[in-house]
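Have a look at the structure below, then the notes.
Naming convention: chains lettered A, B, ... in sequence-line order (proteins, then strands); numbering from 1 in each chain.
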2 protein chains.
Amino acid sequence: MEETKTQVIPRPTLQRLPGYLTVLRTMGPARSEQVACTYLAEKLKLDPVQVRKDLQYTGLAGRPRTGYDTEELIHAIEATLGWDNFSDAFLVGAGNMGAALLGHEQLRSYGVNIVAAFDSDPEKIGTTIHGKKVLALSKLGNLAARMHIHVGIVTVPAAVAQAVTDLLVESGVKAIWNFAPTHLNVPDEVILESADLSRSLAVLTGRLTAVRKHE
Amino acid sequence: MEETKTQVIPRPTLQRLPGYLTVLRTMGPARSEQVACTYLAEKLKLDPVQVRKDLQYTGLAGRPRTGYDTEELIHAIEATLGWDNFSDAFLVGAGNMGAALLGHEQLRSYGVNIVAAFDSDPEKIGTTIHGKKVLALSKLGNLAARMHIHVGIVTVPAAVAQAVTDLLVESGVKAIWNFAPTHLNVPDEVILESADLSRSLAVLTGRLTAVRKHE
């Protein structure tokens with residue numbers, strides 16, 4: 001039990017790790033060999049204690065005074081995020097958002113490599129978007145299982161998102177990245193991460209509304 | 001002080017409100033006049049106590065046994081999120097992600113209306129993407145101030161995101177929706193909401209990596 005517990009990295013920590021990586025990678029050619037928690041904290045306006053706790057999850061121990069070896073820390077964060085490698089992914093729904101993700105040049109450096117897109121629209125099937133083939137949705141199940149695809153990206157309208165998710169899960173997908181503005185049900189062992197923009201906009205417009213009421 | 005405090009809705013609450021709205025709106029034609037916290041909780045796999053607390057922030061009080069008036073609750077959530085109206089927004093960076101947002105039909109129902117896009121690429125300036133004009137970045141400051149634009153959407157590469165943000169803030173923008181994979185600095189009074197996909201993927205790939213190590 002103890003061992004399992006240490007594996008679970010809190011969500012806010014995972015969300016902060018890319019920020020550390022960006023700061024470390026962009027320290028420039030004059031990058032020092034050592035980096036302190038206080039430096040990262042200052043750059044990202046975070047509490048140094050928080051930074052130290054987050055970095056502990058990478059399994060790397062900082063040394064008092066000198067801090068972390070910069071290269072070691074970069075590798076440790078990448079390994080923790082799985083960004084030293086990538087998982088092949090299928091994307092379902094070749095609409096505007098789907099096309100943007102197919103053309104997103106950095107997804108690979110964030111651990112995900114989209115190998116094919118799927119759609120049920122006959123006008124889209126057979127086309128190529130940003131170099132990626134759009135295949136018929138009916139081919140998804142067979143291909144996902146055969147190619148051992150572990151990540152499914154859902155960019156279909158809300159009304160069909162659950163059906164697409166069920167199909168992906170049945171085909172062996174272990175993680176769903178959802179862009180549809182709806183709640184999805186997945187089995188407990190399947191990872192579900194929502195990138196639903198309505199949730200993000202809810203925070204922005206909700207705060208803006210509160211400010212206006214206050215003015 | 002007390003009054004100010006009640007205005008601040010926690011981020012997780014704001015993020016859950018769209019989920020309630022979706023459930024309420026899709027209850028179908030047989031939608032009952034009353035809805036209970038337990039119903040919403042069950043649909044979204046949440047704790048009913050959590051749902052009740054969240055809904056308190058809308059200023060609406062549920063009645064014991066009967067719960068909330070469904071229509072009233074929908075309106076109260078929309079008003080809390082500012083989704084009963086919309087704010088005009090400028091988008092900067094007409095790349096893949098920018099184009100996807102320009103073509104996103106639901107942003108208006110999420111309280112944001114993109115009125116124009118800006119880019120510094122001469123090949124993009126003057127074009128129209130999903131019915132929205134792409135204007136020269138040099139025109140942004142003047143136009144944002146004159147049109148009282150309050151929301152800025154940043155879909156430029158990380159390297160120029162801070163400069164674009166500074167320009168938007170100088171031009172009177174009160175809220176920044178950032179898609180660039182980088183940390184941005186804004187004055188305290190400016191709302192900054194990150195929709196940076198690398199943070200979302202960090203959670204997905206980080207958890208997938210943890211599962212694999214465990215297998």
Is [X] in contact with chain A via its backbone, its side chain, both, or neither, using a 4.5 Å heavy-atom distance?
{"X": "B:L81", "value": "both"}
{"X": "B:R16", "value": "neither"}
{"X": "B:S194", "value": "backbone"}
{"X": "B:N85", "value": "neither"}
{"X": "B:T80", "value": "backbone"}
{"X": "B:A158", "value": "neither"}
{"X": "B:T209", "value": "side chain"}
{"X": "B:E105", "value": "neither"}

Requested in this report: Just do the side-chain contact (heavy atoms from CB on, under 4.5 Å) check on B:E193 and A:L201 with the steps written out, would you?
Outcome: CA-CA 8 Å; B:E193 173 60 19; A:L201 266 189; over 6 Å; no

Between [X] and [Y], is any pair of side-chain heavy atoms under 4.5 Å apart?
{"X": "B:L14", "Y": "A:R207", "answer": "yes"}
{"X": "B:V151", "Y": "A:L208", "answer": "yes"}
{"X": "A:V211", "Y": "B:K174", "answer": "no"}
{"X": "B:Q106", "Y": "A:S198", "answer": "no"}
{"X": "B:H183", "Y": "A:V23", "answer": "no"}
{"X": "A:W177", "Y": "B:L197", "answer": "yes"}

Which one of [options] has the most heavy-atom pairs closer than 4.5 Å to chain A?
{"options": "B:L204, B:T13, B:L17", "value": "B:L204"}
{"options": "B:L102, B:N185, B:L107", "value": "B:N185"}
{"options": "B:L21, B:I191, B:T22", "value": "B:I191"}

Query raised in the report: Closest heavy-atom contact between B:N96 and A:H104?
Result: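 That closest heavy-atom pairing would be ND2-N, 4.3 Å.
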
Report task. Using the side-chain contact (heavy atoms from CB on, under 4.5 Å) rule, take A:T205 and B:W83 through it: C-alpha gap first, then chi angles, then the decisive distance, then the call. Result -> CA-CA 8 Å; A:T205 60; B:W83 290 5; 2.9 Å; yes

Report task. Give the member of A:G95, A:S87, A:G19 that has the highest number of heavy-atom pairs under 4.5 Å with chain B. Result ->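 With the most close heavy-atom pairs to chain B, the winner is A:S87.
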
**Report entry** Residues, nucleotides or ligands: over 12 heavy atoms within 6.0 Å of B:E189 CD
**Finding:**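 Atom CD in B:E189 is crowded, with more than 12 foreign heavy atoms closer than 6.0 Å.
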
Requested in this report: Step by step, work out the side-chain contact (heavy atoms from CB on, under 4.5 Å) result for B:R212 and A:H150.
Outcome: CA-CA 11 Å; B:R212 281 178 184 156; A:H150 288 172; 3.0 Å; yes

